[in-house]
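Labels below follow one simple rule: chain letters A, B, ... track the order of the sequence lines, proteins then strands, and each chain is numbered from 1.
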Number of protein chains: 2
Amino acid sequence: MKHITIKDVARQLNVSISTVSRAFNDKYDIRKETRAKILRVADEMGYRPNPIARKLIQQKTLNIGVVVPEFVNSYFPEVIIGIQEVLLNRGYQVLVMQSNECYTTELKNIKALEDSMVDGMIISLSSEAHNNDYYVRMIEKGYPIVFFNRVDENIPASSVIFDDYKWAYFATEHLIKQGCRKIYHFSGYQHLSLSRNRIKGYRKAMDKFCIPYTDDYIIETGFFIEEGQKAMEKLLVEGDVPDAIFATNDPTAIGAMKAIKKAGMKIPDDIALVGFSESKMAEVVDPPLTSVSQPTFEIGRTAAELLLRQINSEGFAAPQTVTLDGKLNVRESSSAKSR
Amino acid sequence: MKHITIKDVARQLNVSISTVSRAFNDKYDIRKETRAKILRVADEMGYRPNPIARKLIQQKTLNIGVVVPEFVNSYFPEVIIGIQEVLLNRGYQVLVMQSNECYTTELKNIKALEDSMVDGMIISLSSEAHNNDYYVRMIEKGYPIVFFNRVDENIPASSVIFDDYKWAYFATEHLIKQGCRKIYHFSGYQHLSLSRNRIKGYRKAMDKFCIPYTDDYIIETGFFIEEGQKAMEKLLVEGDVPDAIFATNDPTAIGAMKAIKKAGMKIPDDIALVGFSESKMAEVVDPPLTSVSQPTFEIGRTAAELLLRQINSEGFAAPQTVTLDGKLNVRESSSAKSR
DNA sequence: AAAGTTTTCGGTAACGTTTTCGGTAACGTT
DNA sequence: AACGTTACCGAAAACGTTACCGAAAACTTT
């Protein structure tokens, strides 16, 4: 495990370390033949420049940190793939960490990344209630950060988000057009703006088509199957049965699906279902789940692009919010409604 | 973005940088009060030791690289969570990269991690055929590496694997006990040892119960839904219909499920199904899929432990293979067979 | 042939730490 | 009073690289 350094190469060739460095950095002030020779011998010796030393003097790590709430569901992994796609090609290394939806570990991750001197970060906030101070301070110091999906409008940073409002509207509209009238919304944690926007879209559609509803129609669940299931079971027990549910994501929709099937009711005939953020599961559950698909890879790619722009702009780049569009995948869970 | 260094702190307090360093490293030869004062002022100034410089002199990065084929399915993410669990607690940082099942990018990732001077790596090989030379050389140089899941017996390294043979046997046995006789096996790429072991387990069970079968019963698919679906469709078209399928993983089983349902046949009555490596989807598909669950988190944890042992043992630690156990989750796709 | 330019290279100072070694007080010991 | 110990601290050398500043050598120009 003994490392070969630039000095060893220099000594071997009877040149100075500056020259070896030049050969490797392809500078102009070196003769072609010397360069070729150095590279050849260095390769034979198995020399590879020590990136730590290089980072120390260049004050850049070429590392980017990514913090996501989880990566067990396919959403975040897909975004990460998009991020890596553009970053790896630009010579950056991507450090992925997960907060497990917990604010404390989120902050711990951020600090770890800071300590590891990443050149910038791409963050999706945990669902736990949180305090923005740390982020605001970092941004004020000029630290390049881009948020996505889970953002907070109070943090003055660039972000890439999905048009939750619009697509929540379309999802609800779709249910209405299928003939549903008593449409409930299983919402995510409402301190997240994405949840609030989806609620807004839901309301807008209900209002527009003059469908009566009360605040009780909006039920705050979490983001997981069990929570959707619990919420639905409660509704069924209470006898307050809707004829459709627009869920904040696929897992909660699938949870509801489980409860409905267990109760012996039919989907979509008794209750229609629409999910959100198209997951791998949507196509394979029975009946297949209608869902709004987000351009996950694209989200990752643009987040990375935004970050690079911020890193490369010496002055302060004005925060910029990119909103991306999706599409509604209609499947059996909401269509062919026979009434 | 100007960083505060140890010098700034030293100047501010009129002490030497050595003293500040001592304060931060909790050395014995410093007065308690000085230490407290330094830490307090340093904190006020927002000083944090530069880890790059520290790494340079200590010749350790406290970084661990993880390379997996993909993380869109939940298997690898869960393993990674296990890995992070033990590594983060020990002060290590985890760098995750994915090879996209491609040998070339796998190697590119490995080299990038090497360049970034990780103290060790945890690797799961891509499914593409590969050449071991690079790994063997690294191991000979004493580089700490642990493999998991996708291993290669020809690489003399520590690894943690699942007892594929045993559980493939149990899965097949389960189908036999349900009354199935014409049991096909959808196998993964056969150059991966895990695929070969699952085939062995399948054969063993068929032999033991004296069920006749031919090599045609073993069909090499890949690891994705589409591949399972294609394989099943082919069987149905050819009219060569089995009464059960033991698939190498859940996606291929679910692919088969799609094809079977589309053909109007019943699961498990016409064809029973068993998957492998329990995924999130197993519980939500219809009918719920019988599958073998692997202790994913535990696999990650032990891989990390093995790696740490290797890093901390100065001499050469003998390669060690840990085999973990799982369990069979019986669900409707294979049970209640009515014949 | 002298002077000016360009090419090519070497020496050395950074980068921000930790670590080794040595030095100065203060204190007790004889 | 001289000496040894201990507790604390500072100076300087590492770690491996790149950046900067010159200087020698080669080549042009006058």
Is there any protein nitrogen or oxygen under 3.5 Å from a nitrogen or oxygen in nucleotides 4-6 of chain D, and what are the pairs?
none

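- Using modelled atom types and a 3.5 Å distance limit, the side chains of A:Glu101 and A:Ser127 yield a donor-acceptor pair.
- Among the heavy atoms of the strands, none lies under 4.0 Å from B:Arg35.
- Near DNA chain D, meaning a heavy atom under 4.0 Å from it, residues 11-24 of chain B has B:Asn14, B:Val15, B:Ser16, B:Ser18, B:Thr19, B:Arg22 in order of number.
- Side-chain contact, A:Thr105 with A:Asn109: no donor N or O sits under 3.5 Å from an acceptor N or O.
- Of the N and O atoms on the side chains of A:Gln320 and A:Ser158, not one donor lies less than 3.5 Å from an acceptor on the other residue.
- One can place CZ of A:Arg54 at 17 Å from C1' of C:dA14, the figure rounded to the nearest angstrom.
- Nearer the 5' end of DNA chain D, as judged by each residue's closest nucleotide, is the contact made by B:Thr34, out of B:Gln59 and B:Thr34.
- Here the side chain of A:Ile57 is nearest to one of D:dC9, C:dG16, C:dC15, namely C:dC15.
- The six-membered or imidazole ring of B:Phe162 lies away from that of B:Phe148, with a centre-to-centre distance of 6.0 Å or more.
- Between B:Lys7 atom NZ and D:dG10 atom C1' there is a gap of 15 Å when expressed in whole angstrom units.
- Inspection of the B:Thr19 and B:Ser16 side chains reveals an N or O donor paired with an N or O acceptor under 3.5 Å.
- Because its NZ or CZ atom is both nearer than 6.0 Å to the ring centre of B:Tyr134 and within 45° of the ring axis, B:Lys111 counts as a cation-pi partner of that residue.
- Distance, B:Ile6 CD1 to D:dG10 C1': 13 Å, rounded to whole Å.
- In this structure, A:Gln58 atom CD and D:dC20 atom P are separated by 11 Å, rounded to whole Å.
- Look at CD1 on A:Ile52: it is 15 Å from C1' on C:dT18, rounded to the nearest Å.
- OP1 or OP2 of D:dC9 lies within a sub-4.0 Å distance of a side-chain N or O belonging to B:Arg31.
- Scanning atom types as modelled, no donor and acceptor separated by under 3.5 angstrom connect the side chain of B:Asp29 and the base of D:dC8.
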Mind listing the side-chain donor-acceptor pairs of residues 85-96 of chain B below 3.5 Å, one per line with the distance, residues two or more places apart or on another chain?
from	atom 1	to	atom 2	distance (Å)
B:Glu85	OE1	B:Arg301	NH1	3.0
B:Asn89	ND2	B:Glu85	O	3.1

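- Salt-bridge annotation for A:Arg40 and A:Glu44: present, with a side-chain N of the basic residue lying under 4.0 Å from a carboxylate O of the acidic one.
- The closest side-chain heavy-atom distance from A:Met138 to A:Met121 is below 4.5 Å.
- A:Tyr75 meets the ring-ring contact (aromatic ring centres under 6.0 Å, His included) test with no other residue; sequence neighbours excluded.
- Using a 4.0 Å heavy-atom cutoff across all strands shown, A:Ile30 reaches sugar-phosphate atoms only and no base atom.
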Item to complete: Give the dot-bracket string for DNA chain D, reading 5' to 3', where a pair is Watson-Crick or G-U wobble with both distances under 3.5 Å, ( ) marks pairs inside the strand, [ ] marks pairs crossing earlier ones, | marks a partner on another strand, and . marks unpaired.
Response: ||||||||||||||||||||||||||||||

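- Listed by chain and number, the residues in a side chain to side chain contact (heavy atoms under 4.5 Å, CB included) with B:Gln12 are B:Val41, B:Met45 (sequence neighbours excluded).
- Regarding B:Arg48, its CZ atom lies at a distance of 12 Å from the P atom of C:dT17, rounded to whole Å.
- Candidate nucleotides C:dG16, D:dA19, D:dC15 were compared by shortest atom distance to the side chain of B:Thr5, and C:dG16 ranks first.
- Considering A:Gln98, A:Arg150, A:Glu106 in turn, A:Glu106 is the only one that fulfils the side chain to side chain donor-acceptor pair (under 3.5 Å) rule with A:Ser126.
- A:Leu56 places its CG atom 9 Å from the P atom of C:dT17, with the value rounded to the nearest Å.
- For the pair A:Asn25 CG and C:dC9 P, the interatomic distance rounds to 15 Å; values are reported in whole Å.
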